[in-house]
Every structure is written in C-alpha cells, then in structure tokens.
Asker: 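Sharing a structure below in structure tokens format, with a few things to ask.
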Protein chains: 2
Amino acid sequence: MTTTSGLGREQPPKVTLSDVARAAGVSVATASKALNKRTHVKEATRLRVEAAAAALDFTPNFFARALNSSRTNTIGMVTSDLDNRFVLPILLGAEDAFGSGSLSVLLADARDDVLREQLHIETLMSRKVDGLLIVGRTTNPRPPASVFADVPVVYVYAPSTDDSHMSVTPDNVLAGRLAVRHLLDSGRRRIALVNGEASYAAAQDRAAGVTAELADHGLELVGGHSLFGQWGEAWGRDCGRLLATGDSGIDAVIGGSDHIARGVLDSLRDLGKRVPDDIAVIGFDNWDILVQESRPPLTSIDMNLQHLGRVAAQRLVDAIAGTVQPGRSYEPVHVVARQSA
Amino acid sequence: MTTTSGLGREQPPKVTLSDVARAAGVSVATASKALNKRTHVKEATRLRVEAAAAALDFTPNFFARALNSSRTNTIGMVTSDLDNRFVLPILLGAEDAFGSGSLSVLLADARDDVLREQLHIETLMSRKVDGLLIVGRTTNPRPPASVFADVPVVYVYAPSTDDSHMSVTPDNVLAGRLAVRHLLDSGRRRIALVNGEASYAAAQDRAAGVTAELADHGLELVGGHSLFGQWGEAWGRDCGRLLATGDSGIDAVIGGSDHIARGVLDSLRDLGKRVPDDIAVIGFDNWDILVQESRPPLTSIDMNLQHLGRVAAQRLVDAIAGTVQPGRSYEPVHVVARQSA
DNA sequence: CTGTTAGCGCCTTCAA
DNA sequence: TTGAAGGCGCTAACAG
C-alpha cells in the first residue's frame, strides 16, 4: 500500500519473461521466440508459453525491448500550430492509420521557432522515434528539418521546400476550382474573390484554382484578379461593402477563408442584400464555429484534415516499413454545401 | 550512405558512456556519476568527463536509462477535446513548467469514449510515464480513470468526481463574478445572462458567480435568473432580440460563451441598438477568432488555459517528486476588455 | 573519491 | 527444436 489514499489501483507485481518461461517450463529464450512467433518453435510449446503469458498477464517491457534497438512503435509529431486547429484532426488520422493501441505519439510544440523545432527533433530522435510528422501552420513550403537519414519524415500541411521529401498538403488549387464549380452549378457568372494575404501559398493556390476553373468556362474574375488583403472578418466586410455597392453586378463572392467569408456575409446583410438570392457566398476551411451559425450558414470547402492526417501517417508507416514513396501529395478537399451558396 | 537521396543527415556513430569514460580516462561508473552530478566526484574529473562527453557529442541512451526503472521523463496526456481548443495551450503550459527539452509528452486522444481512454491509459502506463494529465472537454466532473497508485494523475479542465484526486479547473464562479464586476464598474445595473446548456457545470458555475456578485451589490439578474439554452450564436441572437425589444430596460448582457455573446451582438446590431452605449455585452472564453473582429470587438473573460496547463504540469511535477497536494484547484481567470463592454 | 561487480528485461547468436 | 551465454547502455551497491 502506498500512503496516498485512493489515488489508484495497486501496481500489479511485475511479471517478466522469465516468469512466463518458468510457468511454461521452458527457457527464457524459447519463451521469447514463442511469443514473437520467431524461428520454429514446436506448436505445442508455443501454445503453452502463450497460455502462461496470458495467465500471468504478461506485458513485455517496452524499454528492455527498445534497448536491443528494434522498433519503438513511437512516432514524433512536431507542430507549430498556433491556431490550434490541425494537431488533433491530424493526430486522429494518424491513430486511425496505425491501428489503435499499437502506436504512441510524442507531441512537441515548436511555437513557430526553428531553434525550438530542431531542439525537439533532437530530443525525439534520442528517443528513437520510428518516424516524424512535422505539422506546419500554413501551406507555405518550409525549409526541411535536419533529421537522421534513417528516420523517415512526413511534412504535413506545410510541405518541405525539397520536393523529394514526403509532404502531404491539402489541394488548394482544387479547393479554388471546387468553389467556382459549385457557384457555376447554381448559375453564378460574375464572381469575385476576396482573398487573404498574398504571402500565403494557400491564398495563391486557391486563387490559381479559381481563375483556372473560370478560364475553363470562358470566364474571369470580376475585377480581373483576386483581392489580396488580410485573413480576417474586417477585410471581408470592407470588400463585401465595396463589391455590393459598386456597379460590378456580382452574383457571388468567394472568401479566401471562412473568416473573410463571414465578413462578406455580414456586410451584405448590412446592405440589405439577400444571400444567396442576390449574392452567393462561399468560404474555405469549413471551420465549424465560423460556419454553422452564420446567417445564413456558410457553404465552405472542407480541407479534410483528418484524412490528411491519415494519409500522412500511412505514408510514414510505409516509409518505416521501407517502402519510400517520395514527393509531395496534394490531398482532395470537398464542398460542404449550406445555405449561403 | 543510404539509398534514399537527400532525406537527411547521416546517423552519427553511436557514442556510449563507455566511449566517454575511455576518452576521459575513468571508469564507466565514474563517468555516469560525473554526468549525473551524483555522489561526490572530484571537480577536476567531473570537468574532464563533461568535456569528453561534449567533445564526443554524447547523448545518453534513453532506454538503457529507463530500463533501470528510474524516471522516464515522459508524461502522458489523454484528451477528449473534440473542439480542439485545450490541448495545445495546455501542452504549452506543461512544456513551460517542465523546462524545455527535459520532458516529452505522449499524447493520445480518447474521442470522448471511456473504453478508448482506458486503453490509452494502459498503453501509457506500459510505457512507464511518470505521470498523467487527463484533459477533459467540459468542466463537468468526470469519473476517475483507473490508474496505478504510483502514477500521479492530474485532471485538467474536467475534474475528477473524487475530490481527493488532483484536479485543475478554471474558476468559472470567479469568471461570472468578474463579468459582473466589469459591468458594474462601467455603471451598468440591469444585467441579463444568456447562458449555455444547463447540464454544463461551466454554465451553472458562471451563473452562480454572476448572481453572487450581483447579490453582493444588492442586485439581481434581470428576469431573476439566467436563461439556459444552447451554446450557440442562434440562441444568443434569439435572446438578444427578445431582451432588446422587451420592456426589461436592460443595459448589459452577459453571454454564456463567446458564441452566445456574438449572437447577442448581432441581434442588437440588427435592432439598431448601440453596443456598448445602449447595451454592453460580454462573453466567456476569449476565443480569439470569435472575439477579435466582431462588431464591436468583444470583451470576454479569458480562461487562462496556458496557465491552467502550467499549473497542472507543476502539480504533476510535484506529485512525481513526492509532494502530493491532493484536491481540486480553481485557477484564476481574467477580463480582456475590448469595446463591447 | 573512484573502480569493480551486478544486474534492469529482452533478444540473439550458437551449441547441443 | 531448445537452452546457455552474452550483450544492449546505463545505474546502483559495494569495495577499495
């Protein structure tokens, strides 16, 4: 008994492999082989060992095992996700891909600081992680981290600037195309794009998708190009007001993010424009708290973050298993239609 | 050279403690003591060993160390944070409290499922985590998890129903009081509370704080009690409209969450009420994306999540060190004044 | 103060 | 097919 009252169940007596071996009447070596389904062990004795292990509730000591430099069944995840938006969906996807229970994830936060990031990576490597997931904050390509050659790395969200590295990024060009397609499907033709900051790859890619899809239909953006600005509601409101009061005759606005789209929505409302009847509005990210209860609820392009995580984890697993599949992949996104468009 | 092109730097030859010892001309044991600042080692030799270690870029083998069943410098963090809001701030706080680099965090997501949670806890214990941070999704007390008695646990956000366990929760009663105090300070007297769901401890506690603080000033809520409903903008809008058009003569509304407060804000705006001139509005959580660009920017009570994480981690550290400090603690929150109140 | 001797629990030769 | 022996890298206990 410990002195701490009622703080938990008793630690069961540690049962080691040699306990199992003794119980099964074999040597430790044989027990080891039996449990690891290794070299030919007589079926009967294997069963006996397994029974003994089960009876004693044997759990192999993780550290003793790792000491003999095998796999650790641990991956490291380094993030700089200041918005707190990507980590969990991606973690969930990763847990799914690995099959629950088998794998553990060491999480570290780099706080968007290269030095901290490298420090954490060193720590993780000293813990012999089997692989590394490096999760970025934007989709802007980022310089690769310095990692031992035998530790596979998958960059998630923000790809590595080195194309030969494994990177998994949402397909923002597709996102732009889908937004346009959705609007065209409901008969819109005069579309404006109120975009985020031009320094963001996401903004550029979405714009590229939008203009490309429009071009495929012989159209172009109202005003000829996307309006780069800030990622915020205020920018959305400002542009929304200008667009709706001008003589542009627009019938749809694409917001560069849900934030922006909400700003647009609010300004249109102020001006008495009906959404979607007069003007349709669509956003990117499908961030529930922004999208579900706006007036009207906002149609948005979902970035499929959990899928992203699953793919990233799967590629990592493959790489750990030796099947390297270098290069960037751009993962699909999809429209979530609500009432604004 | 590996065959994978440019995927990382070469794995340096493993340097072990005995390499260091040899280089320093001492025994392995001495080297160990020297590096761990253990028993009295002559200053000179300690320096020599440290120099050798540095020269060889020695990193102690984590698993060999853990095998001797000392500390693992690892804590487990189990979350059910579906909203994706608490994990990172709390992780940050924990990293701070432990002093960076020294500690690693194994993160697992329970998806709000008791079985999954217990499964993850077992895995974490098999990895000999020094302690466990169990992060909830609400502040409702939750049944304790089953954990070995020698593994300290701190419940964060959602406390354990067992009062003797260590729990760290934001002080929602204080939050309610602070909201009222802030409004009273600016001369408001007729205050309504549009609250979230009654089944949430957070809603109840905030309401309790609000009414208590009002009572201390000889006041009570307009309508006599808080309006429980849903945690959403729509509910805020509905109530906002009712309150503003009725004859209650309110001069301030407290929203049970930033969501709700934003709804209130929007409805007041629709009705031509000026905020804060006619009616002040204040929310809870200080969730940046909701709060910063509303019209006007929303005054809100910040739950201090990073602080919460730091405290939780600190208590965990203390418990690991043997200084158990059982019981719940309620951590302070603070007003972030913007323009709405 | 320093070195020698034993393990920690497991896996892996190698011999039987 | 099985077992004995050695070692992974480190720390702890005891001698010197």
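A note on names: the letters A, B, ... follow the listed sequences, proteins ahead of strands, and every chain is numbered from 1. Note that these values count all heavy atoms, side chains included, but never hydrogens, waters or copies made by symmetry.
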Asker: Would a 4.5 Å heavy-atom cut-off, applied to side chains only, mark A:Thr161 and A:Arg142 as touching?
Answerer: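 They are not in contact (no side-chain heavy atoms under 4.5 Å apart), so the answer is no.
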
Asker: Quick one: B:Asn61 CG to D:dG7 C1', roughly how many Å, whole number?
Answerer: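 Distance, rounded to whole Å: 13 Å.
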
Asker: What stem regions, each of at least 3 consecutive Watson-Crick or G-U pairs below 3.5 Å, can be found for DNA chain D?
Answerer: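 DNA chain D forms these stems: C:1-16 with D:1-16.
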
Asker: Does a nitrogen or oxygen in the side chain of B:Arg65 sit under 4.0 Å from OP1 or OP2 of D:dT11?
Answerer: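 Answer is yes, contact under 4.0 Å.
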
Asker: Less than 3.5 Å apart, any donor N or O on the side chain of B:Thr169 or B:Ser167 sitting next to an acceptor on the other?
Answerer: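 No, because no side-chain N or O of B:Thr169 sits under 3.5 Å from a partner of the opposite role on B:Ser167.
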
Asker: Taking side-chain hydrogen bond (donor to acceptor under 3.5 Å, both in side chains) as the test, write out the residues that go with B:Asp113, two or more places apart.
Answerer: none

Asker: side-chain hydrogen bond (donor to acceptor under 3.5 Å, both in side chains) between A:Ser329 and A:Glu331: does it pass, once the steps are laid out?
Answerer: CA-CA 6 Å; A:Ser329 77; A:Glu331 296 303 320; 2.9 Å; yes

Asker: Calculate the interatomic distance between B:Phe62 atom CZ and C:dG9 atom C1'; express it in whole Å.
Answerer: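 Taking atom C1' of C:dG9 as the reference, CZ of B:Phe62 is at 16 Å.
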
Asker: Determine: side-chain N/O of B:Asn36 to OP1/OP2 of D:dT11, distance under 4.0 Å, yes or no.
Answerer: yes

Asker: Under the side chain to side chain contact (heavy atoms under 4.5 Å, CB included) test against A:Leu133, which residue among A:Val153, A:Val78, A:Thr79, A:Val154 passes?
Answerer: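 Testing A:Leu133 for a side chain to side chain contact (heavy atoms under 4.5 Å, CB included) against A:Val153, A:Val78, A:Thr79, A:Val154 leaves exactly one candidate, A:Val154.
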
Asker: Rounded to the nearest Å, what distance is computed from the CG atom of residue B:Leu67 to the C1' atom of nucleotide C:dC11?
Answerer: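 It is 12 Å, rounded to the nearest whole Å.
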
Asker: Mind calculating the distance between CG (B:Leu17) and P (D:dA12) to the nearest angstrom?
Answerer: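 Value for this atom pair: 12 Å.
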
Asker: Should the pair A:Tyr155 and A:His165 be assigned to parallel (<30°), tilted (30 to 60°) or perpendicular (>60°) ring geometry?
Answerer: parallel

Asker: Restricting to nitrogen or oxygen on both sides, can you table the protein-nucleotides 2-5 of chain C pairs closer than 3.5 Å?
Answerer:
unit_1, atom_1, unit_2, atom_2, d
C:dT2, OP2, B:Lys42, N, 2.7
C:dT2, OP2, B:Thr45, OG1, 3.0
C:dG3, OP2, B:Ser27, N, 3.0
C:dG3, OP2, B:Thr30, OG1, 2.8
C:dG3, O6, B:Lys33, NZ, 2.5

Asker: Mind calculating the distance between CG (B:Asp19) and P (D:dC8) to the nearest angstrom?
Answerer: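 Nearest whole value for this atom pair: 11 Å.
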
Asker: Find out whether A:Ser146 and A:Ile121 are in side-chain contact, i.e. whether some heavy atom of one side chain is under 4.5 Å from a heavy atom of the other.
Answerer: no

Asker: Tell me the interatomic distance from A:Lys14, atom NZ, to C:dC8, atom P, rounded to whole angstroms.
Answerer: 14 Å

Asker: How is B:Phe58 classified with respect to the nucleic acid when contacts are heavy atoms under 4.0 Å: base, sugar-phosphate, or nothing?
Answerer: sugar-phosphate

Asker: Measure the distance from CG on B:Leu35 to C1' on D:dT11 and round it to the nearest whole Å.
Answerer: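 The answer, rounded to whole Å, is 12 Å.
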
Asker: Mark yes or no for a side-chain to base donor-acceptor pair under 3.5 Å between A:Asn68 and C:dC10, with no hydrogen or angle criteria applied.
Answerer: yes

Asker: With side-chain hydrogen bond (donor to acceptor under 3.5 Å, both in side chains) as the criterion, how do B:Thr123 and B:Ser126 come out once you've worked through the C-alpha distance, each side chain's angles and the decisive distance to 0.1 Å?
Answerer: CA-CA 5 Å; B:Thr123 309; B:Ser126 82; 5.7 Å; no

Asker: Any side-chain heavy atom of A:Arg65 sitting closer than 4.5 Å to one from A:Asn36?
Answerer: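 A:Arg65 reaches A:Asn36 side chain to side chain.
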
Asker: Could you give the CZ-to-P distance, from A:Arg22 to C:dG9, as a whole number of Å?
Answerer: 12 Å

